[in-house]
Amino acid sequence: MTTAWHFYEPAQGHGLAHDPLNAIVAPRPIGWIGSVSASGVRNLAPYSFFNLLAYRPPLLGFSSQGWKDSVDNIAATGVFTWNLATRDLAEAMNASAAVAGPEVDEFALAGLEVAGGRMVDAPRVAAAPVSFECRLTQLIRLETKEGEPIDQWLVIGEAVGIHIDAAMIEDGVYQTTRARPILRGGGPSDYFEPGAPFHMRRPG
């Protein structure tokens, strides 16, 4: 049984060398979001706060700290893509995280080939083994417990088209680790690749 604890109130600061919050809730899937501005400039950016939210319809969401280009583009066009970040694409994914102006095409910056959508007019990462084409369903400004708005924006989209490399499917089952997905950890530079999967059946 643990006898020593580090306790902190987030409003008062964590008192450590690095905020532990995103290291505790980890590893997390990466929201690698493709969008295009109203004037036609492509954007690609990875988001740490991302996940699948519902099966039917398939809803996924990412949260942006600040009204960034991705949020602005999606608010204007109503569409975006999610692209699976893999070990083979890790360096390109990292390059797309560079701070750049709205006139910069991060697909070109990261040296990535672009694929178009079938259902939505938003760019996809051609090399990604999985991509979702999404339509915006909700854009929510987050609030504190007192109801005060903060500069954090939750974007939720419905996947209306899903591209899967057929090599990732075996006997009708998608093979999660075959694509070598990477996951965000904590700290300033921690990423993980699932390497020791195990299996359990859910009760019932």
Side-chain angles (χ1 to χ4, degrees), residues 10 14 16-35 43-55 58-66 68-71 74 80-100 106-107 109-113 115 122-134 142 152-159 161-170 173-202:
H14 50 75
L16 299 173
H18 191 275
D19 193 334
L21 190 65
N22 63 357
I24 295 166
V25 185
R28 300 180 306 284
I30 296 167
W32 203 12
I33 305 300
S35 64
N43 182 270
L44 181 66
Y47 285 87
S48 173
F49 294 125
F50 165 82
N51 221 314
L52 183 68
L53 306 176
Y55 268 129
L59 298 176
L60 59 152
F62 72 94
S63 180
S64 174
Q65 187 172 7
K68 295 182 179 175
D69 294 338
S70 298
V71 181
I74 295 165
F80 64 96
T81 66
W82 170 77
N83 304 273
L84 182 64
T86 65
R87 186 64 190 89
D88 290 342
L89 295 170
E91 284 71 26
M93 182 277 298
N94 196 43
S96 72
V99 177
E106 285 84 2
F107 283 86
L109 184 69
L112 290 164
E113 183 181 347
R124 298 187 295 112
V125 175
V130 180
S131 293
F132 293 175
E133 299 183 27
C134 302
L142 301 184
Q152 191 83 26
W153 304 86
L154 175 61
V155 179
I156 301 176
E158 179 177 337
I162 297 176
H163 304 258
I164 305 173
D165 182 342
M168 301 298 118
I169 301 171
E170 184 176 319
V173 178
Y174 177 78
Q175 303 298 305
T176 303
T177 58
R178 186 174 293 176
R180 301 182 68 198
I182 55 172
L183 307 168
R184 187 70 171 96
S189 59
D190 293 338
Y191 289 88
F192 296 89
E193 179 184 347
F198 65 94
H199 304 277
M200 290 191 301
R201 292 271 182 194
R202 291 174 59 181

Should I74 and F62 count as side-chain neighbours, where that means a heavy-atom distance under 4.5 Å?
yes
Nearest heavy-atom neighbours spanning G34 and A122
O-CB, 4.4 Å
At their closest point, which heavy atom of V173 faces which heavy atom of Q175, and how far apart are they?
O-NE2, 3.0 Å
For the residue pair T86 / D88, report whether a side-chain donor-acceptor contact shorter than 3.5 Å exists.
no
V125/M93 under side-chain contact (heavy atoms from CB on, under 4.5 Å): CA gap, chis, key distance, verdict
CA-CA 10 Å; V125 175; M93 182 277 298; over 6 Å; no
Rounded to the nearest 0.5 Å, the OG atom of S48 sits from the CD atom of Q65 at a distance of 10.5 Å
Mind checking ring-ring contact (aromatic ring centres under 6.0 Å, His included) for F107 and listing every partner two or more places apart, or none if nothing turns up?
none
Distance flag, aromatic centroids of F50 and W82, threshold under 6.0 Å:
yes
Minimum heavy-atom separation for A92 to A110, with atom names?
O-CB, 3.5 Å
Could you tell me which residues satisfy side-chain contact (heavy atoms from CB on, under 4.5 Å) with N51, sequence neighbours excluded, listed by chain and number?
P29
Where S96 and E106 come nearest, the two heavy atoms and their spacing:
O-CG, 3.8 Å
Between CG of L84 and CD1 of I30, what distance do you get to the nearest 0.5 Å?
9.0 Å
Please tell me if the side chains of L60 and C134 come closer than 4.5 Å, counting only heavy atoms from C-beta onward.
yes
Let me know which of T81, L44, I182 forms a side-chain contact (heavy atoms from CB on, under 4.5 Å) with W32.
L44
Is NZ or CZ of R184 both nearer than 6.0 Å to the six-membered ring centre of F192 and within 45° of the ring axis?
no
Please walk me through it: do S64 and Y47 pass side-chain contact (heavy atoms from CB on, under 4.5 Å)?
CA-CA 7 Å; S64 174; Y47 285 87; 3.6 Å; yes
Could you tell me if the side chain of R28 sits less than 4.5 Å from the side chain of N22, heavy atoms only?
yes
Distance check, rounded to the nearest 0.5 Å: I156 atom CD1 versus L53 atom CG?
5.5 Å
With no hydrogens and no angle check, is any side-chain donor or acceptor of E133 less than 3.5 Å from a backbone partner on S131?
no
